[in-house]
There are 2 protein chains.
Amino acid sequence: MSSYDVKKEVTDKYSLRGRVFNRLREDILSGKYEEHEELKEVAIGEELGVSRTPVREAFRQLELEGLIQIIPNKGAYVTGITAKDVKDIYMIRSSLEGMCARLATENITEEQLEELEENVYLAAFHASKGHMEQMTELDNRFHHILYDACNSKMLERLLVDFHQYVARIRQKTLSTKERGIASNNEHRQIMEAIKAGNADEAERLATLHMNNAYNNMVKNGLYDIYKNEEQE
Amino acid sequence: MSSYDVKKEVTDKYSLRGRVFNRLREDILSGKYEEHEELKEVAIGEELGVSRTPVREAFRQLELEGLIQIIPNKGAYVTGITAKDVKDIYMIRSSLEGMCARLATENITEEQLEELEENVYLAAFHASKGHMEQMTELDNRFHHILYDACNSKMLERLLVDFHQYVARIRQKTLSTKERGIASNNEHRQIMEAIKAGNADEAERLATLHMNNAYNNMVKNGLYDIYKNEEQE
DNA sequence: TCATGTATAATTGTATACAATAAAACATCT
DNA sequence: AGATGTTTTATTGTATACAATTATACATGA
């Protein structure tokens with residue numbers, strides 16, 4: 001089990017607070033709540049059938065995950081992401097994903113490598129069919145396997161958080177079938193470099209993969225989406 | 001004002017919760033609480049003269065800052081940092097500090113550059129005198145100026161968090177006068193590269209600076225401190 | 001009409017009471 | 001003595017009451 005899963009379990013998904021946290025997190029990431037929308041404690045509580053206490057505690061966590069911002073005595077607002085933020089995130093990810101791929105080359109287990117291979121082959125099928133939903137799922141899984149395989153919980157935590165952050169933007173910039181195919185080919189190359197034990201190449205390809213993903217976003221109108229927002 | 005400061009103010013230092021949060025954070029970082037020590041809600045509350053509610057909310061935030069770990073229905077425990085964690089942090093920091101220095105070269109203001117220069121010259125004095133306390137303060141400031149100057153709040157947030165994390169270890173690995181002098185010389189080189197507008201060199205030197213800092217820690221017995229802990 | 005002040009309502013902040021869970025102490029049996 | 005089961009205690013989880021703060025609606029005057 002990856003420490004990603006562990007982290008979310010430690011967050012106690014069976015307590016009311018944990019349920020509120022997970023639910024709000026999902027709703028924010030899926031775009032149910034608009035950016036800058038205010039979240040009212042009682043409204044959320046009533047919707048989920050709980051009192052304000054667990055809601056408030058969930059808010060504190062969501063704030064530090066960067067999903068909402070709490071202004072004292074005022075309220076909780078869904079965090080806005082600017083185009084500049086997206087650019088910075090991909091810049092940081094390109095470096096860290098490269099680092100992760102390098103470490104994964106040295107620490108990956110047989111099982112993980114097999115799952116990577118399976119992932120790539122399965123994704124090739126869905127990519128050719130244009131099954132975007134499955135592609136998103138497989139893409140997430142591919143990267144999380146690497147996060148787990150790098151054997152660094154510090155790095156894994158960072159990458160998981162960024163990956164989640166980026167999921168919000170994916171909802172807005174539509175991914176094309178062409179990019180799906182290209183992306184999976186990049187996954188295959190990374191997987192093969194790792195399988196061959198070539199850490200340098202794995203790092204280079206993973207970094208490149210991020211840059212390509214970002215450039216694709218820009219091409220698909222990333223800046224159009226955010227053009228009304230301040231560029232900080 | 002750097003967004004570091006902003007962040008901590010948003011965390012509402014005048015509310016009871018904010019005071020509890022800041023106080024506990026400081027106490028954990030300063031080493032008042034041992035690693036793996038359990039923090040009891042009522043005990044903390046009584047010590048600070050507040051009820052459990054603000055304490056609990058502060059706990060949730062401390063958990064996501066990685067300073068404590070909360071186990072549902074059990075308790076809150078001060079997070080342990082292993083030698084492997086320290087190694088990983090420095091590996092990540094070496095990359096991100098380099099990135100930051102590169103961006104800072106392009107975005108730094110006149111005022112910030114001047115403060116960097118002043119910092120380096122003042123630190124040279126304190127380094128020669130062996131004033132370790134002032135050195136720590138100046139070192140913190142030097143890096144935070146760069147975090148601010150890179151003009152990326154995503155990157156700044158990351159680096160600030162890591163920098164804080166590392167502060168806990170600094171309490172344990174004593175810094176020598178020699179390292180203080182060497183470190184400040186590295187700061188000077190970075191500053192000069194930025195002043196000269198040489199982004200490549202600034203990045204290279206900042207990365208090197210982190211690697212040197214880490215190697216110095218290892219030399220000063222980093223692994224001895226943590227030898228009793230599991231290496232994950 | 002607009003600005004200003006005041007009263008009202010809505011919302012967050014904190015304390016506290018009670019419920020649920022886990023830990024500890026104790027008793028009992030073999 | 002040691003293992004096991006039960007009671008007691010301590011601690012966390014949640015709901016709710018009240019206080020403090022902020023936002024809104026309204027009234028008043030220029």
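The chains referred to below are lettered A, B, ... by the order of the sequence lines, with proteins before strands, and numbering in each begins at 1. None of the values given here were measured: they were computed from a predicted structure.
The interatomic distance linking B:Glu38 (CD) with D:dT12 (C1') rounds to 10 Å, in whole Å. What separates CD1 of A:Ile70 from P of C:dT11 is a distance of 16 Å, to the nearest Å. Residue A:Phe21 contributes atom CZ, which lies 19 Å from atom C1' of D:dT14 at whole-angstrom precision. The interatomic distance linking B:Lys40 (NZ) with D:dA10 (P) rounds to 11 Å, in whole Å. Rounding to whole angstrom units, CD of residue B:Glu41 and P of D:dT11 are separated by 10 Å. One can place CD1 of B:Ile71 at 10 Å from P of C:dA23, the figure rounded to the nearest angstrom. When the P atom of C:dA20 is taken as reference, atom CG of A:Leu16 falls 12 Å away, rounded to whole Å. When the P atom of D:dA10 is taken as reference, atom CD of B:Glu46 falls 13 Å away, rounded to whole Å.
Contact annotation: the side chain of B:His187 approaches that of B:His143 to within less than 4.5 Å [non-hydrogen atoms, C-beta and beyond].
Both tests pass for A:Arg93 against the ring of A:Tyr90: distance under 6.0 Å to the centre and angle within 45° of the axis.
Between A:Arg56 and C:dG13 there is a side-chain N or O to OP1 or OP2 distance below 4.0 Å. One finds a side-chain N or O of A:Arg60 lying less than 4.0 angstrom from the OP1 or OP2 phosphate oxygen of C:dG13. Considering only side-chain N and O atoms, B:Lys74 lies nowhere under 4.0 angstrom from the phosphate OP1 or OP2 of D:dT11.
Nearest heavy atoms, B:Gln112 versus B:Asn107: OE1-O, 4.4 Å. Residue A:Met132 comes nearest to A:Thr176 through the heavy atom pair CE-O, 3.5 Å, listed as atom of the first residue, atom of the second, then distance.
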Could you run down the sub-3.5 Å N/O contacts of the protein with nucleotides 16-19 of chain D?
unit_1 : atom_1 : unit_2  : atom_2 : d
D:dT16 : O4     : A:Thr53 : OG1    : 3.3

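A:His144 and A:His163 have perpendicular rings, their planes meeting at more than 60° on a 0 to 90° scale where under 30° would count as parallel.
Checking A:Tyr77 against A:Glu57, the closest nucleotide of DNA chain D that is more toward the 5' end is the one next to A:Glu57.
Donor-acceptor pairing under 3.5 Å is recorded for the side chains of A:Thr82 and A:Asp85. A donor and an acceptor atom, one from each side chain of B:Glu97 and B:Tyr147, are located under 3.5 Å apart.
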